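One structure below.
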Amino acid sequence: MKILVINGPNLNMLGIREPKIYGAERYDTLCTKISAHAKELGVEVEIYQSNHEGDLVDQIQSAYGRIDGIVINPAAYTHTSVAILDALKAVAIPTVEVHISDVSAREDFRQISYVRAACIATISGHGTDGYLEAMDILVKGGDKNAN
Ligand code: DQA
């Protein structure tokens, strides 16, 4: 099994950006945690981050026929991007949406998720452990809502 983990804009600034909301862990530490968890699960993992919407769409398209499950934190594009939703629908690969913070307890504009309609589950507010939980869901092939 091969999992693709996609992170959207500003997530490369983890550990620096708003640590009270997103925690003190750096982006490279998150990548190390994801790789270690993939090893434990016995799956292959690719990790991708971009600040650009079109690059995220390209990466989702490139998963077609190659990747068995996607973990995506589209970051701010969660709340705006029909293009990312359409790309996820186009490839039809089981996808779990992750948010480090509890978006349901934040500003009104964060209550809308365009991508959610293309996801089998959403994990929000579990910090970076949410990425590992999302990988577990994909490996189990399950359908869970972990808000
Ligand atoms: C986020 C929540 C989004 O609202 C925000 O724009 C982000 C990160 C999260 O992981 O909690 O950049 O997706």
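These numbers come from a predicted model, not from an experiment. Every number for a ligand or one of its atoms is a count from 1 in the order of the listing.
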Could you find the nearest protein heavy atom to [atom] and give me its residue, atom name and distance?
| atom | answer |
| --- | --- |
| atom 5 (C) of ligand 1 | R110 NH1, 3.3 Å |
| atom 2 (C) of ligand 1 | V103 CG1, 3.6 Å |
| atom 1 (C) of ligand 1 | H99 ND1, 3.7 Å |
| atom 3 (C) of ligand 1 | H79 NE2, 3.5 Å |
| atom 9 (C) of ligand 1 | I100 N, 3.3 Å |
| atom 11 (O) of ligand 1 | S101 OG, 2.6 Å |

Would you say [X]'s side chain and [Y]'s backbone share a donor-acceptor pair under 3.5 angstrom?
| X | Y | value |
| --- | --- | --- |
| S104 | D102 | no |
| N73 | G8 | no |
| S124 | V103 | yes |

Item to check | Check: E97/T78 side-chain N/O donor and acceptor closer than 3.5 Å | outcome: no

Checklist entry - Which ligand 1 atoms does R17 reach within 4.0 Å, using its non-hydrogen atoms? => result 7 (C), 8 (C), 12 (O)

Item to check | ligand 1 contact on E107 by region, counting heavy-atom pairs under 4.0 Å | outcome: neither

Checklist outcome for this item: One should read off an interatomic distance between I6 CD1 and E46 CD, to the nearest 0.5 angstrom, of 9.5 Å

Item to check | Contact check, N10 vs ligand 1, heavy-atom distance below 4.0 Å | outcome: no

